[in-house]
Amino acid sequence: MSMAIHDVPVRWLVFALFAGCAAKPQHTIPIALLVDGDRASLGALSANAVSGLELHEIELPKPRPAAPDPSNAAIAQARSHYATGDFDACRAVLANVDHVRLLAARERGLVARALVLDTACAWGGLDKSAAHASAAQLASFSLAMPELAVSPDVERVIGQAVATAGKAPRSPLFVRGVVGARLLIDGVEAGCTLPCTIDVTPGDHVIAVEADGYEPTAQRLRAPDAHDVTIKQQPANPDLAARQWRARVGRGQPSTDAIGAALVGKLAKQRRVAYLHGDQRLTGALVVDGKLVATANRPPHEGDALVRELAYDGGILHRPALWEKPWFWIGATAATIVIAGAVVWLVYEPDKHTRVVVP
Amino acid sequence: MTKYVLCVLFACTPRHDVELQFGPDAESLTIGFRCYRDSPPDELMFQRAVALGLVRFAVVIDVITIDGPFPGCRGEDLVKACRDTGNCKVYTDKGRYCVDISVPLGDVPLGDPGATLEWLNNSLRERAPIIADDPPDGPVVVRAIATQETCTEIMSSPSFPLLSIDAALGCAYSCPTRLDDIDVPLVLSLDTLTDHCEQMVRQCAAFPGAP
């Protein structure tokens, strides 16, 4: 009977031989490096420091200086108009103040000043219903009375509105959206994350949600007409993701937990990102498609080995089998020589040339 | 051991010398070379080598190969082994060791066995120090005979005839051994309990018999 190539051991042997001799793929896989901490402790990390990978380091976008809020100027201008008795101009300027944006940004003081001025200008312009409406909003938002010089009548209108709001029964408001997003009601932390139910006074309210990886969103609603609200958030752009990630790390939160990894994936604008942190010991994490796929650590100055280990663990590179490593064959050869030597030592009997001699 | 390791590495053949010892220890001559005759009982067999003031004899040393299982050392064991296999013979592929010795009687200290041994060793070493070069690896017996025959007579026949048992003056042999395996002197002696051992010498000289 002829030797069958389909015999399992033979097939495996043939496979092993060809696998061992097969040419390695020539193309390289790009990986973005996001380096943090002591850069020098990583050692040299050139683009081709790891065979099979093309490394390129990325930098976090620098934080932009905060632009002056136009609301401040608008409120100052409105106050000036109020002082000169130009109530229409006062209200026209205040109409441009975005209460929703300001409350989402926790600028409750600015909103309070704008609403008090709007109440005063409406009262001065003899539009009493508008004055009551602005005062009601101030009360509904639970804003503190700012230190503004307004007429006693205006203070009385506002006081009535606050008293009315305080007596009104509260109603539940159920807010849905990105699970885990932080909820703000009228510029104040609601103390819960979505999905969340809060009790609110009747009237206008601004609800805002913030979640890492998403654009913050806010909207105005009226209670109790709105009692079940769903707020949609858009995914964060790379700049925002970078700011959010930096803020998380600054708060001491893990840099590459599930949310951190998702932010790293967004900010790098790459499918594969290796986050390396240089310190007394190098730590690294590999993020692929916004998901953490591998973590590793190494002694200092072994940045290339750290990246290689991450690529192996993350399945980007094929980890060479034991028999594909040079030292395996060196060791196997040495062991074979030692064993062969021992066998020869134990069993070999040289052919002696014996002579019988006179003593 | 070191030389064997080096030979493993360099594929050489180590040399291994086996010294003969003509007696139970290095200072004693075997009784096989100082047997008394049966008649007259007070005469050494070696006395027959003395003539005209000279001591004249030949020393023949044979390597006798033994086929089959390794036999014991006693004469009976050897005889049985050779009878069973029928293939005990003197190894003659590289000739036969034979040395003629003829010296004045005064030079031979016959009365002193220790001195006689030293004299015998010196005499053989001076004439032919190598007794057998690369003998067979199998079980062998080494036998030494002193005889009145001369080497010329002994070597005259290409078939190396049996020695004359009547001419034997002394005889001793070793236990069966593998020469490659021993690292101590090879002791030659005669399997006897008395120094009146002429018959034992004759039987020793006749071993292993006609092929």
Side-chain angles (χ1 to χ4, degrees), chain A residues 1-5 7-24 51 299 302 305 308 318-359, chain B residues 1 3-23 25-27 59 61-63 91 94 97 99 117-118 120-137 140 142-144 174 177-188:
Chain A
M1 193 172 75
S2 63
M3 178 64 183
I5 192 69
D7 288 350
V8 172
V10 174
R11 197 161 53 179
W12 273 107
L13 181 61
V14 171
F15 169 77
L17 285 173
F18 278 90
C21 300
K24 298 290 184 288
S51 176
E302 293 187 11
R308 187 183 301 111
H318 163 67
R319 187 188 292 277
L322 186 64
W323 48 268
E324 289 177 300
K325 295 178 179 176
W327 57 260
F328 169 79
W329 292 107
I330 294 170
T333 304
T336 304
I337 291 171
V338 169
I339 292 171
V343 169
V344 169
W345 177 273
L346 291 173
V347 305
Y348 179 70
E349 291 184 11
D351 184 25
K352 298 176 187 174
H353 184 109
T354 298
R355 300 186 310 177
V356 181
V357 298
V358 177
Chain B
M1 181 58 77
K3 67 180 180 182
Y4 292 151
V5 174
L6 293 175
C7 279
V8 168
L9 294 176
F10 298 105
C12 65
T13 303
R15 178 182 288 179
H16 175 231
D17 285 352
V18 177
E19 292 184 351
L20 292 188
Q21 181 175 303
F22 297 100
D25 56 55
E27 284 80 34
V59 174
I61 301 178
D62 291 323
V63 174
Y91 174 72
K94 296 184 180 177
Y97 183 87
V99 171
L117 173 63
E118 186 177 349
L120 177 63
N121 284 336
N122 290 338
S123 299
L124 295 179
R125 193 183 305 117
E126 286 171 6
R127 289 165 174 78
I130 298 174
I131 294 162
D133 191 7
D134 203 16
D137 293 337
V140 297
V142 177
R143 178 191 56 186
S174 72
T177 186
R178 283 193 177 86
L179 294 171
D180 280 355
D181 294 345
I182 57 173
D183 293 316
V184 294
L186 182 62
V187 174
L188 305 188

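A, B, ... follow the sequence lines: proteins, then strands. Residue 1 opens every chain.
- In this structure, the portion of Asp137(B) lying under 4.5 Å from any heavy atom of chain A is its side chain and not its backbone.
- Of the listed residues (Ile130(B), Ile131(B), Leu186(B)), just one forms a side-chain contact (heavy atoms from CB on, under 4.5 Å) with Val356(A), and that residue is Ile131(B).
- Interatomic distance, CZ of Arg355(A) versus CG of Leu179(B), reported as 13.0 Å (0.5 Å rounding).
- When the shell of 6.0 Å around CD of Glu118(B) is examined, it contains 12 or fewer heavy atoms from other residues, nucleotides or ligands.
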Could you please spell out the steps behind the side-chain hydrogen bond (donor to acceptor under 3.5 Å, both in side chains) verdict for Asp351(A) and Thr13(B)? CA-CA 6 Å; Asp351(A) 184 25; Thr13(B) 303; 5.4 Å; no
Trace of the side-chain contact (heavy atoms from CB on, under 4.5 Å) decision for Leu20(B) with Val358(A): CA-CA 6 Å; Leu20(B) 292 188; Val358(A) 177; over 6 Å; no
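- Here side-chain hydrogen bond (donor to acceptor under 3.5 Å, both in side chains) pairs that include residues 328-344 of chain A, with residues two or more places apart or in two chains, number zero.
- Residues passing the side-chain hydrogen bond (donor to acceptor under 3.5 Å, both in side chains) test with Asp181(B), sequence neighbours excluded: none.
- Residue contact with chain A, scored on non-hydrogen atoms closer than 4.5 Å, is absent for Pro185(B).
- With a 4.5 Å cut-off on non-hydrogen atoms, Ala128(B) touches chain A through its backbone but not through its side chain.
- With hydrogens and angles disregarded, no donor-acceptor distance shorter than 3.5 Å links the side chain of Lys352(A) to the backbone of His16(B).
- At least one donor-acceptor pair under 3.5 Å links the side chain of Arg125(B) to the backbone N or O of Pro359(A).
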